[in-house]
Amino acid sequence: MLHDLPSVVTDELQRVHDELVQVNEGGLADYIPPLSEVDPTLFGLAICTPDGGFAAAGDHDVAFTLQSISKCFTLALALVDHGLEGVLDRVGVEPSGESYNAVSLEEGTGRPDNPMINAGAIVTCSLVEASSSAERFDRVLGMLSSCAGRELDVDENVFEQELATADRNRALAYFMRSAGSLTTDVDETLEVYLRQCAVLVTAGDLAVMAATLAGGGRNPLTNEQVFSSTVARHVLTIMATCGMYDASGQWLLRVGSPAKSGVSGGIITASPAQFGLGLYRPLLDDRGNSVRAVRACEQLAERFTWHALAQPDDRQLPAVLDEAAD
Ligand code: DON
């Protein structure tokens, strides 16, 4: 069960929400109608702590598709199935410095640069152990649902339209098959990847999913140990270096917590043992990251000093929570 976080946290989320209402920069993803026709005014934020404290503001219960945020959890599943070295044999962990759908593979090995870009995520999907692609997707959906603490569904319309416009991802998959880095069937693996992108979540779900990573793999809503704390650490590390694509350096500097964005406008960010944050705002910058959600994280990170490299004494969130509990 979740419980309310102290009002000081809710008030801060609300303050950031209200202050950022004037920020209207960015554009909607335009490659499929369900994304280009979404209400651009939506804005939701939610925070969840590993012990189940929860606070939210704005449109935190509006559903949207997970898109690239799914990549973190498929990576977790691949790590569960193959261990770190098994995954590293097939996909790298270096920031690519290129856009999320870049067609480039590591020289010599043919591996995609990292699991957060499309090429790497297609490979991690292929690494999920299963005897059929239906079973493979069931395991991915099971992982996503276990992290959200409820059964998630696929938006079949989004999936169909993703599939109909997947030429670049298909090209990437064929390119990787020719380089030997993808060994499963192209169509079947692409379907798993595009279906995971079309899973519906809310910002509230994202907060719980991020809190599962922050809590070392334990879901704060259900108490299920979904994966080990080692897997959580590995996923968070790769999110820290690669999760915001070619804006990952700026993000780490200004916000300082591992994060992952998606093209529908969602962002998750998590700080071990502290919190998971989920945000939704569909207007994106030219790197594919939600403008207002990034701005909200910058403001909250400054208010609560949660930067991973901050001195422990400078961290505000534990003190704020302790004080409110007294
Ligand atoms: O792979 C694709 O093209 C889409 N499903 C978008 C993935 C995504 O969210 C990329 N990131 N911002």
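When only modelled atom types and interatomic distance are considered, Thr269 and Ser257 share a side-chain donor-acceptor pair under 3.5 Å. Of the N and O atoms on the side chains of Asn118 and Asn101, not one donor lies less than 3.5 Å from an acceptor on the other residue. Between the side chains of Ser145 and Glu151, no donor-acceptor pair of N or O atoms lies under 3.5 Å. Counting only N and O atoms by type, the side chains of Asn289 and Ser261 include a donor and acceptor under 3.5 Å apart. Side-chain contact of Lys71 with Thr74: a donor-acceptor pair under 3.5 Å is absent, judged by distance alone. A donor atom on one side chain and an acceptor atom on the other are not found under 3.5 Å apart for Gln161 and Tyr31.
Side chain of Asn219 to backbone of Ser146: a donor-acceptor contact under 3.5 angstrom is found. Without hydrogens or angle criteria, Asp155 side chain to Val158 main chain gives a donor-acceptor distance under 3.5 Å. Asp11 contributes no side-chain N or O that, together with a main-chain N or O of Gln14, makes up a donor-acceptor pair within less than 3.5 Å. Ser36 contributes no side-chain N or O that, together with a main-chain N or O of Ala29, makes up a donor-acceptor pair within less than 3.5 Å. In this structure, the side chain of His82 engages the main chain of Leu127 through a donor-acceptor pair within 3.5 Å. With hydrogens and angles ignored, the 3.5 Å screen pairs no side-chain donor or acceptor of Glu188 with any backbone N or O of Val186. Proximity of a side-chain donor or acceptor of Asn114 to a complementary backbone N or O of Gly92 within less than 3.5 Å is not detected. Remark: side-chain polar atoms of Ser7 are not paired, donor with acceptor, to backbone N or O of Thr10 under 3.5 angstrom. Without hydrogens or angle criteria, Trp251 side chain to Tyr245 main chain gives no donor-acceptor distance under 3.5 Å. With hydrogens and angles ignored, the 3.5 Å screen pairs a side-chain donor or acceptor of Ser70 with a backbone N or O of Gln67.
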Would you please test Thr189 and Ser126 for side chain to side chain donor-acceptor pair (under 3.5 Å) and show each step?
-> CA-CA 6 Å; Thr189 313; Ser126 80; 5.8 Å; no

Assess whether side-chain contact (heavy atoms from CB on, under 4.5 Å) is satisfied between Arg170 and Leu190, documenting all intermediate values.
-> CA-CA 7 Å; Arg170 198 175 297 279; Leu190 259 191; 3.7 Å; yes

Between Glu12 and Phe304, is a side-chain contact (heavy atoms from CB on, under 4.5 Å) present by the stated rule, with each step listed?
-> CA-CA 10 Å; Glu12 192 58 24; Phe304 293 125; 3.7 Å; yes

Would Leu2 and Cys48 count as a side-chain contact (heavy atoms from CB on, under 4.5 Å) if you check the C-alpha gap in whole Å, the side-chain angles of each, and the deciding distance to 0.1 Å?
-> CA-CA 8 Å; Leu2 300 179; Cys48 184; 4.0 Å; yes

Between Met244 and Ile267, is a side-chain contact (heavy atoms from CB on, under 4.5 Å) present by the stated rule, with each step listed?
-> CA-CA 9 Å; Met244 299 299 280; Ile267 291 186; 3.9 Å; yes

Check against salt bridge (charged side-chain N to carboxylate O under 4.0 Å, His left out), Arg111 and Asp89 | CA-CA 8 Å; Arg111 294 181 312 172; Asp89 280 346; over 6 Å; no

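Note: Asp246 CG to Ser99 OG = 6.5 Å, rounded to the nearest 0.5 Å. Between the CG atom of Asp285 and the OG atom of Ser290 there is a distance of 8.0 Å, given to the nearest 0.5 Å. To the nearest 0.5 Å, atom OH of residue Tyr193 and atom CG of residue Leu172 are 9.0 Å apart. Atom OG of residue Ser248 and atom CZ of residue Arg287 lie 9.0 Å apart, to the nearest 0.5 angstrom. Between the CG atom of Asn223 and the CE atom of Met1 there is a distance of 12.0 Å, given to the nearest 0.5 Å. Rounding to the nearest 0.5 Å gives a distance of 12.0 Å between CD1 of Ile238 and NZ of Lys260.
With hydrophobic clusters built from ILVMFWY side chains whose heavy atoms lie under 4.5 angstrom apart, Leu206 does not share a cluster with Leu200. Clustering ILVMFWY residues whenever any of their side-chain heavy atoms sit less than 4.5 angstrom apart, transitively, puts Ile69 in a cluster other than the one holding Leu252. Hydrophobic cluster membership differs between Leu66 and Val263, with clusters built from Ile, Leu, Val, Met, Phe, Trp and Tyr side chains linked at under 4.5 angstrom. Both Leu13 and Leu317 are members of a single hydrophobic cluster when ILVMFWY side chains are connected at heavy-atom separations under 4.5 Å. Under the 4.5 Å side-chain heavy-atom criterion for grouping Ile, Leu, Val, Met, Phe, Trp and Tyr, Leu35 is not connected to Leu279 through any hydrophobic cluster.
Looking at Val21 and Thr41, their side chains never come closer than 4.5 Å, going by heavy atoms from C-beta outward. Looking only at side-chain heavy atoms (C-beta outward), Val192 and Val140 come within less than 4.5 Å of each other. Counting only heavy atoms from C-beta outward, the side chains of Leu213 and Met239 approach each other to under 4.5 Å. No side-chain heavy atom of Arg218 sits less than 4.5 Å from a side-chain heavy atom of Thr212. Side-chain contact check for Thr49 versus Gln274: every heavy-atom pair is 4.5 Å or farther apart. A 4.5 Å side-chain heavy-atom check between Glu191 and Phe159 finds at least one atom pair inside the cut-off. Counting only heavy atoms from C-beta outward, the side chains of Thr202 and His60 never approach each other to under 4.5 Å. The shortest distance between side-chain heavy atoms of Leu77 and Phe227 does not fall below 4.5 Å.
A pairwise comparison of heavy atoms in Ala46 and Ala203 identifies CB-O, 3.7 Å as the closest pair. Annotation for Arg90 and Val123: closest pair O-CG1, 3.8 Å, computed over non-hydrogen atoms. Scanning both residues, Gly276 and Ala210, for their nearest heavy atoms gives CA-CB, 3.5 Å. For the residue pair Ala214 and Ala270, the shortest heavy atom distance occurs at CB-CB, 4.2 Å. The minimum heavy-atom distance between Leu221 and Gly149, with the atom names listed, is CD2-O, 3.7 Å. Of all heavy-atom pairs spanning Pro50 and Gly215, the tightest one is CB-CA, 3.8 Å.
Residue-environment remark: CD (Glu129) exceeds the threshold of 12 foreign heavy atoms within 6.0 Å.
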Show me the donor-acceptor pairs within less than 3.5 Å that the side chains of residues 293-300 make with the rest of the protein, sequence neighbours left out.
unit_1: Arg295; atom_1: NH2; unit_2: Glu25; atom_2: OE1; d: 3.2
unit_1: Gln299; atom_1: NE2; unit_2: Glu19; atom_2: OE2; d: 3.4

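Phe43 carries Arg292 over the face of its six-membered ring, with the cationic atom under 6.0 Å from the centre and within 45° of the normal.
Two rings, from Phe54 and His3, have their centers 6.0 Å or more apart.
Sequence neighbours left out, the pairs with a member in residues 193-214 that pass salt bridge (Lys or Arg N to Asp or Glu O under 4.0 Å) are Arg150-Asp205, Glu156-Arg195. Applying the side-chain hydrogen bond (donor to acceptor under 3.5 Å, both in side chains) test to residues at least two apart or on different chains, the pairs with a partner in residues 130-144 are Asp81-Arg139, Ser131-Glu135.
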